[in-house]
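All chains are named by letter (A, B, ...) in the order of the sequence lines, taking the proteins before the strands, and each is independently numbered beginning at 1. The figures that follow rest on heavy atoms only: side chains count, while hydrogens, waters and symmetry mates do not.
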Amino acid sequence: MPTSEVPVVRFAPSPTGWLHVGGARTVLFNWLFARRTGGRFLLRVEDTDTERNRPELVDAIYDSIRWLGLDWDGEPVHQSDRFDAYREAARQLADAGHAYWCACSAEQVQARAKERGGPPGYDGFCRDRGLGPGEGRALRFRTPDEGTTSFDDVVRGRVEFENRTLEDLVVLRSNGTPTFILANVVDDAWMGITHVIRGEEHVNGTPKYLLIGDALGLGYRPVFAHLPVLVDEQRRKLSKRRDDVAVSDYRAAGYLPEAMVNYLALLGWGPPDGVEIRPLAEIVELFRLEDVTPSPAFFDVRKLQHVNGEYIRGLAVDDFVARAATFLPPGERPRQALQAMAPLVQERVRTLAEVPELIDFLWLDEPALDAAAWDKAMVRGKGAREVLDATLAGLERLGDDGWSAGTVRAVLEAAAVDAGLVGAEGKPQLAKAQAPVRVAVTGRAVGPPLFEAIEVLGRDATLGRLRAARARLG
RNA sequence: GCCCCCGUCGUCCAGUGGCCCAGGACGCCGCCCUUUCAAGGCGGUAACGCGGGUUCGAAUCCCGUCGGGGGUACCA
C-alpha cells in the first residue's frame, strides 16, 4: 500500500535500447504530473530479461533524461536486484493455486496453435496436469474463466475485459527469472506507485496486471493513464527499427533540449490558452493528466524544427555561440567566424547542425562551388562580368582600414550602377548586383548577409576569390 | 482470428448541444519588408470518415458501419 500522501509515479525503461522520443514523452508526462502535483517521480530499470539486457545502456538512458532537463527522485530501482521478491510472489501464486507449472516450450505452444488453425497463444495444455516445478518448467498464471476485469483510465475512461479472453501467461520463466507483468505488479505495490502513466501499448496487459495483484492479495490498485502512442508518417507506432528516433540522435542533429521537451509536451496535450512555445516551468503549471488526448500523435519533425528555431532565436548570443560551437570543426578560425557572425546566423538556422554550412566559407580556403548557383548568377545572370570588374576595382581602392560592411555595400551599389543594374528611379539594384559577388565569395547562392560576411572574411581573401571567379568567367 | 483502443484541416492541439457555414499552431500558397536566405508583418488554402437515430437544434449524445492503430511472447 502507498505509504505516501502524495502521488508517486515512475518511468520503467528496459535497457534494451536507447531512450527514444516515445519513451522521452512518457518520461516527460510522468515528470510533469509529479511536479505539478508535488508528487515523486521514480525510476525503475526493468532488466528482468537476462538474455536481452544491455546494462551499458542504463547510463545512456539516464543521460538522455538529464539532457532533456528532467530529473528524478531518489535512486533508481533495478529489478535485477529484486529477483527474490518476485520468486516469493510466484511461490505465493503457485501455493494458492493461482498459478501452475507448465512444461510446454514456446515452440510447442506455437505449433499447437498453428495446427489448430485457430488463434495463436497458449491453449491451457498444462492447466490441469498438476505438474510440479522442474527443469524446463515455467509458471503460468491462471486467468479466471469468467467475469470481467475493468479499470478507469484517466485518459480513456472505463476499459473492460472479459476474463475468458485472457490467456494464461508465464510469470516465471523456466530459467527462474520473472516476466514483466509479475515484476511490474510487485514493484509498483512495493514502491507505492499511485499512478501508472505509460504507453497505450500496455492497455491490454492491464487486466492481467490487476488480476495478478488481486491474486497476490495486494489490495492495491493504482490509477492508470495510458498515453497515446507516437506514430510515424505511416501512422504506425514509432519503432526503433524503422524510425530514427533516439533522443541522442536529435541531440546530435542540433536540437535544443528545451525545444525537444517543449515539442514533446505538445504531443497528446496542449495548453488551454493555445500558447504552444513556452518555458517548462509554465507547462508544469498548466499540465493536467485529464487533458491528455487519447488518439495517437504523429511525431512531426517539421514542427519540431520550427519550435527549435524559435528557441535558437531566443537564446542570448553568447549562449548561442557556446552551444553552436560544438557543431563546428575544431580550430580557431571557425570559432572566430561564428563569434563574428553569430547574430546573423542565429536568425537563420533551425538546428545547430546547420550553423557550419552557413558560414564555412569564412574558414575554408577554397569553399565548394555550387554549380547551379554559378550558372544562374554568372552565366545566365546579366552583367556578371561588369559587376565583378567594378566591384574588384572599388574594393581594391579600399584600404584595410576602410574595410567594413558599410563601405563594401557602397562599392556594390556603385558597381551596380556601372553594370547598368538600376531601377526605375536610377536606384542601384543591389539584389541583382550581389548575386555574382556572393557566388564568387561564398560559392553559394544563399547565405548570411553578404557585406557583413565580406567584412569578416577580410580584404585579401575577398579580393582573391573575386579575381579567381572573374578569371574563371573568362 | 480474438481482445482493446482511436477517428475534427496534410500534421498537432481547441471545441464537451445552440457563441462553429468550426478556432490556434506547423506545413503549404500569395503579398509586404528586404543585399540572397531566413526572420517578421498581412492574407489565403484546408477538417467534423460514412449511415441512421435522439433533439427545436449535434463536431459535441446513442447505435451501426467503415477506416486506422495497439495487443495477442518463457520482450518490456
| remark: Among C74(B), G24(B), G71(B), the one nearest any side-chain atom of Asn204(A) is G71(B)

| said: Is the distance between the ring centroids of Trp72(A) and Phe11(A) under 6.0 Å? | reply: no

| said: For a quick check of understanding: with a heavy-atom distance under 4.0 Å over all strands, which category does Thr48(A) fall into, base, sugar-phosphate or nothing? | reply: sugar-phosphate

| query | With a 6.0 Å cut-off on ring centres, are His202(A) and Phe180(A) close enough? | reply | yes

| query | Rounding to a whole Å, what distance do you find between Asp168(A):CG and C2(B):C1'? | reply | 16 Å

| request: Kindly indicate whether a cation-pi arrangement holds for Arg140(A) with Tyr122(A), taking the cut-offs as under 6.0 Å to the six-membered ring centre and within 45° of the axis. | output: yes

| query | Which is true for Pro272(A) with a 4.0 Å heavy-atom rule: it touches a base, it touches only sugar-phosphate, or it touches nothing? | reply | nothing

| For Arg156(A) and G70(B), what is the distance between atoms CZ and P respectively, to the nearest whole Å? | 13 Å

| task | For A46(B) and A25(B), measure between their C1' atoms and round to the nearest Å. | result | 14 Å

| Earlier contact from the 5' end, RNA chain B, for Gln234(A) and Ala431(A) | Ala431(A)

| said: Considering every strand and a 4.0 Å limit on heavy-atom distances, what is the contact class for Cys102(A): base, sugar-phosphate, or nothing? | reply: nothing

| query | What nucleotide among A76(B), C74(B), U35(B) has an atom nearest to a side-chain atom of Pro449(A)? | reply | U35(B)

| field | Side-chain donor/acceptor of Arg313(A) to backbone N/O of Asn308(A), under 3.5 Å | value | no

| remark: Per nearest nucleotide of RNA chain B, the residue lying toward the 5' end, Ala297(A) or Ala103(A), is Ala297(A)

| task | May I ask you to say what Glu160(A) touches in the nucleic acid, namely base, sugar-phosphate or nothing, with a heavy-atom cut-off under 4.0 Å? | result | sugar-phosphate

| field | Distance flag, aromatic centroids of Tyr250(A) and Phe299(A), threshold under 6.0 Å | value | yes

| task | If A58(B) has a Watson-Crick or G-U wobble mate with both distances under 3.5 Å, name it; if not, just say none. | result | none

| Can you find a side-chain donor-acceptor pair between Glu146(A) and Asn163(A) that sits under 3.5 Å? | no

| said: Could you tell me how far apart Leu264(A) (CG) and C13(B) (C1') are, to the nearest whole angstrom? | reply: 15 Å

| query | With a distance cut-off below 6.0 Å to the six-membered ring centre and an angular limit of 45° from the axis, does Arg198(A) pair with Tyr209(A) as a cation-pi contact? | reply | yes

| query | Now, which nucleotide makes the Watson-Crick or G-U wobble pair with C28(B), with each of the two distances under 3.5 Å? | reply | G44(B)

| Within residues 342-361 of chain A, residues whose heavy atoms come under 4.0 Å of RNA chain B | Glu347(A), Arg348(A), Arg350(A)

| task | Whole angstrom is fine here: how far is it from OH in Tyr209(A) over to P in C3(B)? | result | 25 Å

| Sorted by number, the residues of residues 133-150 of chain A with heavy-atom contact under 4.0 Å to RNA chain B | Gly136(A), Ala138(A), Arg140(A)

| Between Glu276(A) and Lys303(A), is a salt bridge (charged side-chain N to carboxylate O under 4.0 Å, His left out) present by the stated rule, with each step listed? | CA-CA 11 Å; Glu276(A) 298 185 321; Lys303(A) 179 139 184 181; 2.8 Å; yes

| request: Whole angstrom is fine here: how far is it from CZ in Arg25(A) over to P in C12(B)? | output: 12 Å

| task | Examine Arg54(A) relative to Trp18(A) and say whether NZ or CZ is less than 6.0 Å from the centre of the six-membered ring and inside a 45° cone about the ring axis. | result | yes

| Would you say a side-chain N or O of Arg235(A) is under 4.0 Å from OP1 or OP2 of C12(B)? | yes

| said: Going by purine N1 to pyrimidine N3 plus the second Watson-Crick contact, or the G-U wobble pair, all under 3.5 Å, which nucleotide sits opposite G64(B)? | reply: C50(B)

| query | Looking at the side chain of Gln434(A), which of C6(B), C13(B), U35(B) is the nearest nucleotide? | reply | U35(B)

| Taking Asn262(A) for the side chain and Glu258(A) for the main chain, is one N or O donor matched with an acceptor at less than 3.5 Å? | no

| In residues 302-312 of chain A, what residues come within less than 4.0 Å of RNA chain B, judged by heavy atoms? | Arg302(A), Lys303(A), His306(A), Glu310(A)

| request: Give a yes or no on whether the backbone of Thr143(A) and the side-chain of Asp168(A) come within a donor-acceptor separation of less than 3.5 Å. | output: yes

| request: Identify which nucleotide among U35(B), G71(B), A73(B) has an atom closest to any side-chain atom of Glu201(A), counting heavy atoms from C-beta outward. | output: G71(B)

| said: Of the options U35(B), C4(B), C12(B), whose atoms approach the side-chain atoms of Val203(A) most closely? | reply: C4(B)

| request: Measure from the side chain of Ser174(A), starting at C-beta and using heavy atoms only, and say which of C74(B), C12(B), C6(B) lies closest. | output: C74(B)

| Thr165(A) side-chain N/O to C4(B) phosphate OP1/OP2 under 4.0 Å | no

| said: Could you tell me the Watson-Crick or G-U partner of G23(B), where both distances fall under 3.5 Å? Say none if there is no partner. | reply: C13(B)

| message | Which nucleotide wins on minimum distance to the side chain of Leu267(A), given the candidates G40(B), C12(B), C74(B)? | response | C12(B)

| field | Nucleotide forming a Watson-Crick or wobble pair with U72(B), both distances under 3.5 Å | value | G1(B)

| request: May I ask you to say what Leu266(A) touches in the nucleic acid, namely base, sugar-phosphate or nothing, with a heavy-atom cut-off under 4.0 Å? | output: sugar-phosphate

| Base, sugar-phosphate alone, or nothing: which one does Glu276(A) contact when heavy atoms must sit under 4.0 Å apart? | base

| query | NA contact type, Ser105(A), heavy-atom cut-off 4.0 Å: base, sugar-phosphate, or nothing? | reply | base

| task | Taking only the side-chain heavy atoms of Asp300(A) (C-beta and beyond), determine which of C6(B), U35(B), G10(B) contains the nearest atom. | result | G10(B)

| field | Contact under 4.0 Å: Lys432(A) side-chain N or O vs U36(B) OP1/OP2 | value | no

| task | Would you mind classifying the nucleic acid contact of His202(A) as base, sugar-phosphate or nothing, using non-hydrogen atoms under 4.0 angstrom? | result | base

| message | Do Arg82(A) and Trp190(A) form a cation-pi contact, if we require the NZ or CZ to be under 6.0 Å from the six-membered ring centre and within 45 degrees of the ring's axis? | response | yes

| task | Select base, sugar-phosphate, or nothing to describe what Phe180(A) touches, counting heavy atoms under 4.0 Å on all strands. | result | base

| request: For Gly268(A), report the nucleic acid contact type (base, sugar-phosphate, nothing); a contact means any heavy atom under 4.0 Å. | output: sugar-phosphate

| Side chain of Arg236(A): nearest nucleotide among G69(B), A73(B), G10(B)? | G69(B)

| task | Could you tell me which non-hydrogen atom of Pro271(A) sits nearest to which non-hydrogen atom of Val275(A), and how far apart they are? | result | CG-O, 3.1 Å

| message | Whole angstroms only, please: what is the CD-C1' distance between Glu233(A) and C12(B)? | response | 15 Å

| Of the listed nucleotides C4(B), U36(B), C5(B), the one nearest the side chain of Glu200(A) | C5(B)

| Atom P, compared across C48(B) and A22(B): separation rounded to whole Å | 11 Å

| request: Send over the distance from Phe298(A) CZ to G69(B) C1', rounded to a whole Å. | output: 15 Å

| message | I want to know whether Phe29(A) and Phe287(A) have ring centres closer than 6.0 Å. | response | yes

| task | Please work out if Asp291(A) contacts a base, only the sugar-phosphate, or nothing of the nucleic acid, heavy-atom cut-off 4.0 Å. | result | sugar-phosphate

| For Ile283(A) and C13(B), what is the distance between atoms CD1 and C1' respectively, to the nearest whole Å? | 13 Å

| said: Please check: side-chain N/O of Ser64(A) versus main-chain N/O of Ile61(A), any donor-acceptor pairing under 3.5 Å? | reply: no

